[in-house]
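Start at 1 and go down the list; that is how both ligands and their atoms are numbered. None of the values given here were measured: they were computed from a predicted structure.
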Amino acid sequence: MNKFARIIGTGSYLPPKVVTNADLEKNLDTSDEWIAARTGIKERRIVTNESTCDLAVVASNKALEMANINASELDLIILATTTPDKIFPATATMLQNAIGASCPAFDLQAVCAGYVFALTTAEQFIKAGSANKILVVGSDAMSRILDWNDRSTAILFGDGAGAVVLSSDQDTGILHSDIFSDGKYLSSLQVNNNFINETGFIEMAGNEVYRIAVNKLSSLAEKTLKECNISSDELDWMVPHQANIRIISAVAKRLNFPMEKVILTLDKHGNTSAASIPLAFDTGVRDGRIKKGDTVLFEGIGGGFSWGSVLIKF
Ligand code: UT7
């Protein structure tokens, strides 16, 4: 019998330092009006001394607490990140040690689609029967790879972490997952270094990324609902990657899906890359909007491009 991978706990963490649009105005030729109108972002959190692992530890412990399980019960840890603390070892192994787990742990890199890629990967282990409890984390400190003099990217990103605990379940959980990559878009969104030990910064053809994001995410949402034989009316919540309010609204409009049923955190978090979906999901769960039994669609796209969707019954 096919097993489902069900989310039984969520957690998130944001570093305490707040950087508002007004703060950015001091050093960049930009304005709160421009940033808020073009992106929906008002402020973001930025790390000071915290590592990607530090952010992940707090989010993970909160998810484990809600799941009511001990880290020693985990069979696997998957950490989606673009900003690992070291080239090696994997930041996931540092997280494993810090939370007192003893299971295998690895990093997964699919930039802003990292979380949907990680959930999709974790689901395969549960379906195969090779894991029962998996910690899936998205943690990123994108502020470390930003050119703070580039107004077209510096205003967009923030730092944070989100986590979920997945458990095998006979009844329900992840209903459908779908992931894609197309490497021909490398130059549209990348870190501009040539070698892994050379420092680089994010560069992005914002307009092109915007257009492709709307097209890919709208088509994918329609495909996912069709393949699961559910209408957008039957969907309780959308929890999209938080990159731009205009991208999110365009996708919702194409699905004829009300914005009141979209969890939005980008005004306060900015784009936290792999952390954005689990951060938003945890926000919706903890403030009581997302309830057990709700049908929720996660969707994300990022550099590569890589993109994907995961439909769950919570
Ligand atoms: O998470 C990974 C996926 N990433 C995304 O999904 C990001 C997708 N792209 C976007 O969200 C949008 O393209 C941006 C928010 C990055 C840019 O918004 P836009 O409406 O596409 O603006 P634009 O790039 O077409 O620029 C319009 C104008 C330009 O000036 P001119 O050439 O018209 O004089 C830019 O130089 O706005 C200027 N501009 C700014 N002005 C004030 C660009 N950045 C800024 C800024 N403040 N921060």
*asked:* Would N207 count as a contact residue for ligand 1, given that I'm defining contact as a non-hydrogen atom of the residue lying under 4.0 Å from a ligand atom?
replied: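 It does; at least one heavy atom falls under 4.0 Å.
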Give a yes or no on whether the backbone of [Y] and the side-chain of [X] come within a donor-acceptor separation of less than 3.5 Å.
X: D267; Y: G40; value: no
X: D159; Y: M142; value: yes
X: D169; Y: T172; value: yes
X: E299; Y: P240; value: no
X: D107; Y: A92; value: yes

*side chain to side chain donor-acceptor pair (under 3.5 Å) with T224: which of S177, S309, S219?*
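Looking at S177, S309, S219, the match for T224 under the side chain to side chain donor-acceptor pair (under 3.5 Å) is S309.
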*Thinking salt bridges, do D32 and K42 make one under a 4.0 Å N-O criterion?*
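The answer is yes: the pair qualifies as a salt bridge.
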_Using a strict threshold of under 4.0 Å (side-chain N to carboxylate O), is an ion pair present between K127 and E123?_
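The answer is yes: the pair qualifies as a salt bridge.
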*asked:* Please state which option from T153, L28, T272, N271 has its nearest heavy atom closest to atom 1 (O) of ligand 1.
replied: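 Closest candidate by heavy-atom distance is N271.
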*asked:* Considering E25, E33, M204, R38 one by one, which has a heavy atom nearer to atom 20 (O) of ligand 1 than any of the others?
replied: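 Result: the heavy atom closest to atom 20 (O) of ligand 1 is in R38.
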Side chain or backbone, does [X] bring an N or O within less than 3.5 Å of an N or O on ligand 1?
X: H241; answer: yes
X: I155; answer: no
X: T39; answer: no

Is a donor from one side chain sitting under 3.5 angstrom from an acceptor on the other, for [X] and [Y]?
X: D140; Y: T272; result: no
X: E25; Y: S31; result: no
X: E234; Y: S231; result: yes

Please indicate, with yes or no, if any protein heavy atom is found under 4.0 Å from [atom]?
atom: atom 6 (O) of ligand 1; result: yes
atom: atom 10 (C) of ligand 1; result: yes
atom: atom 36 (O) of ligand 1; result: yes

*For ligand 1, which part of V111 has a heavy atom less than 4.0 Å away: the side chain, the backbone, both, or neither?*
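No part of V111 is near ligand 1 at this cut-off.
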*Which bit of Y210 gets closer than 4.0 Å to ligand 1, counting heavy atoms only: side chain, backbone, both or neither?*
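For Y210, the contact with ligand 1 is made by both the backbone and the side chain.
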Below 4.0 angstrom from a heavy atom of [X], which ligand 1 atoms are there? Numbered from 1 as shown, please.
X: N244; answer: 10 (C), 11 (O), 12 (C), 15 (C)
X: V209; answer: 3 (C), 4 (N), 5 (C), 6 (O), 8 (C)
X: G206; answer: 8 (C), 9 (N), 13 (O)
X: R246; answer: 18 (O), 19 (P), 20 (O)
X: A243; answer: 1 (O), 5 (C), 6 (O)
X: C112; answer: 1 (O), 2 (C)

Residue and atom name of the nearest protein heavy atom (relative to [atom]), distance in Å to one decimal:
atom: atom 29 (C) of ligand 1; result: R151 NH2, 4.8 Å
atom: atom 47 (N) of ligand 1; result: T30 OG1, 2.7 Å
atom: atom 17 (C) of ligand 1; result: W34 CH2, 3.9 Å

_Once ring-ring contact (aromatic ring centres under 6.0 Å, His included) is applied, what residue pairs with a partner in residues 277-314 remain, sequence neighbours excluded?_
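For residues 277-314, and leaving out neighbouring residues, the ring-ring contact (aromatic ring centres under 6.0 Å, His included) pairs sorted by first residue read F180-W307, Y185-F305, F281-F298, F281-F314.
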